[in-house]
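What follows is one structure encoded as structure tokens, with my remarks underneath.
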Amino acid sequence: MTTRLQYGTPAKIFHWLIVALLAVQYPIGWLMPDIHPDMSPGASMNFHISVGITILVLTALRLFWRVTHPVAPESALPAWQRVSSEVVHWLLYALVLAATLSGWLFASFRGWSVSLFYLVPLPMLASANAAAGRAIEGLHQAMELALLITLLVHIGAALTHAFVYRDRVMQRMLPG
Ligand code: HEM
Ligand code: HEM
């Protein structure tokens with residue numbers, strides 16, 4: 001397998017599509033009504049779950065693409081930046097998977113039945129279990145917060161490269 005020097009078009013499309021979906025997903029998560037015992041998911045929760053599962057599927061496809069089409073870090077960077085950017089990128093993949101899977105498990109333990117975008121029934125990962133649901137709710141919140149913090153570090157680094165170092169790093173993820 002050859003290691004490329006630049007991201008190809010599919011990697012860039014996956015990247016910016018997931019950025020757009022996460023930019024919608026966080027506000028829905030924060031604004032949707034609080035969960036109460038015995039409630040069934042309303043429209044905003046259905047949309048949150050549907051967008052979340054879409055992010056999960058796209059991230060799994062993107063990860064497969066990344067593993068089969070490896071890209072080398074920017075060679076002009078000092079070693080510590082090459083290593084730290086690799087660490088942050090793999091952490092982002094892991095946290096998106098953790099945030100989406102913990103959300104899906106939470107919905108499963110609530111015993112909900114959900115159709116993605118009211119179209120396709122979502123298979124559940126486990127049967128209803130109130131105690132497990134309470135435990136996993138905290139995990140979903142912790143993962144989604146850890147993802148947000150890691151994203152702020154990632155976006156801060158990208159902007160520092162673009163506006164302080166003024167090097168080619170941002171260019172690597174832009175069209176062209
Ligand atoms: C990366 C994707 C996701 C992000 C960023 C995210 C983010 C959030 C946020 C910010 C909240 C509000 C938490 C709070 O009130 O403090 C939330 C709640 C919730 N999410 Fe997600 N979510 C994601 C994926 C999913 C998925 C895939 C599911 C289900 C299949 C899901 C199910 C839920 C449920 C049931 C709640 C309400 C429980 C609670 O308040 O913790 N989420 N999510
Ligand atoms: C405004 C927001 C964002 C900007 C400006 C940005 C910018 C970039 C840039 C410039 C790169 C290439 C870095 C390099 O070549 O070393 C990159 C890679 C990456 N970004 Fe972002 N990013 C943003 C948001 C996000 C979000 C929301 C995610 C969510 C998962 C994300 C995940 C990744 C991952 C996983 C990589 C590594 C790709 C790989 O090697 O497979 N980024 N980003």
Side-chain angles (χ1 to χ4, degrees), residues 3-8 10-12 14-36 39 41-42 44-59 62-67 69-77 81-110 112 114 116 122-125 133-134 136-148 150-163 167-174:
T3 299
R4 289 136 207 269
L5 298 177
Q6 300 294 338
Y7 293 105
K12 292 177 185 177
F14 278 132
H15 180 271
W16 292 110
L17 206 51
I18 292 169
V19 173
L21 289 172
L22 281 171
V24 173
Q25 183 71 335
Y26 273 101
I28 310 172
W30 289 320
L31 294 176
M32 65 192 183
D34 287 341
I35 298 278
H36 300 293
M39 71 176 265
S44 52
M45 177 59 80
N46 184 290
F47 195 52
H48 182 76
I49 293 176
S50 303
V51 172
I53 295 292
T54 309
I55 293 172
L56 171 62
V57 171
L58 286 174
T59 301
R62 177 182 180 189
L63 202 47
F64 175 77
W65 185 264
R66 177 65 170 85
V67 171
H69 298 75
V71 179
E74 168 66 50
S75 57
L77 294 180
Q81 284 189 16
R82 266 181 276 146
V83 173
S84 57
S85 66
E86 287 280 284
V87 170
V88 169
H89 293 160
W90 289 112
L91 194 58
L92 284 172
Y93 282 118
L95 287 172
V96 173
L97 293 178
T100 48
L101 288 171
S102 59
W104 192 357
L105 262 180
F106 178 70
S108 305
F109 286 137
R110 298 292 300 213
W112 287 345
V114 177
L116 296 180
L122 173 68
M124 286 300 168
L125 299 173
R134 277 192 295 278
I136 208 84
E137 180 178 8
L139 187 66
H140 185 54
Q141 288 177 350
M143 291 303 105
E144 132 246 308
L145 184 64
L147 173 62
L148 187 63
T150 314
L151 278 175
L152 292 177
V153 171
H154 173 67
I155 295 168
L159 295 178
T160 304
H161 280 285
F163 297 112
D167 58 19
R168 289 173 300 171
V169 169
M170 182 65 106
Q171 206 54 45
R172 278 160 59 90
M173 205 35 104
L174 296 179

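Whatever order the structure lists them in is the order used to number ligands and atoms, beginning at 1. Every heavy atom of this structure was used, including side-chain atoms; hydrogens, water molecules and symmetry mates were not.
Counting only heavy atoms from C-beta outward, the side chains of W16 and L174 approach each other to under 4.5 Å.
Of the candidates M45, M143, Q141, E144, it is Q141 that places a heavy atom closest to atom 41 (O) of ligand 1. Of all the listed residues (G138, A99, G103), G103 holds the heavy atom that lies closest to atom 28 (C) of ligand 1.
With a heavy-atom cut-off of 4.0 Å, L151 touches ligand 2 through its side chain alone. Counting heavy atoms closer than 4.0 Å to ligand 1, residue M32 contributes side-chain atoms (C-beta onward) but none from N, CA, C or O. At a heavy-atom cutoff of 4.0 Å, ligand 1 is contacted by the side chain of W112 but not by its backbone. By the criterion of a heavy-atom distance under 4.0 Å, the side chain of W16, and not its backbone, is placed next to ligand 2. Heavy atoms of L122 found under 4.0 angstrom from ligand 1: none, in either backbone or side chain. The parts of T100 lying near ligand 1 are both backbone and side chain, judged by heavy-atom distances below 4.0 Å.
Between H154 and ligand 2, at least one pair of N/O atoms sits closer than 3.5 Å. Below 3.5 Å of separation, one finds an N or O of H48 facing an N or O of ligand 1. Residue W30 places no N or O, backbone or side chain, under 3.5 Å from any N or O of ligand 1. Taking only nitrogen or oxygen atoms, main chain and side chain alike, Y26 does not reach within less than 3.5 Å of ligand 1. Between R172 and ligand 2, a contact under 3.5 Å exists for at least one N or O pair.
Looking at R172, Q81, R168 one by one, the single match for side chain to side chain contact (heavy atoms under 4.5 Å, CB included) with H161 turns out to be Q81.
Closest to atom 39 (C) of ligand 1, if we only count protein heavy atoms, is E137 OE2, 3.5 Å. Atom 24 (C) of ligand 1 has Q25 NE2, 3.3 Å as its closest protein atom, hydrogens excluded (heavy atom only). Closest to atom 32 (C) of ligand 2 among all protein heavy atoms lies L92 CD1, 3.5 Å. Protein heavy atom closest to atom 9 (C) of ligand 2, with residue, atom name and distance, is M173 CB, 3.6 Å. What sits closest to atom 12 (C) of ligand 1 on the protein, heavy atoms only, is G29 O, 3.1 Å. Distance from atom 25 (C) of ligand 1 to its nearest protein heavy atom, with residue and atom name: H140 CE1, 3.5 Å. Here the heavy atom of the protein found nearest to atom 38 (C) of ligand 1 is F106 CE2, 3.4 Å.
Using a 30° and 60° split on the angle between ring planes, W30 and Y26 fall in the tilted class, from 30° to 60°.
Heavy atoms of I155 approach ligand 2 to within less than 4.0 angstrom. Ligand 2 has M170 within reach: a non-hydrogen atom of the residue lies less than 4.0 Å from it. At least one heavy atom of L22 sits less than 4.0 Å from an atom of ligand 1. Within the structure, ligand 2 lacks H161 among the residues with a heavy atom less than 4.0 angstrom away. Not close to ligand 2: W90, with no non-hydrogen atom less than 4.0 angstrom away.
Close approach to W104 involves these atoms of ligand 1, each under 4.0 Å from a residue heavy atom: 28 (C), 29 (C), 30 (C).
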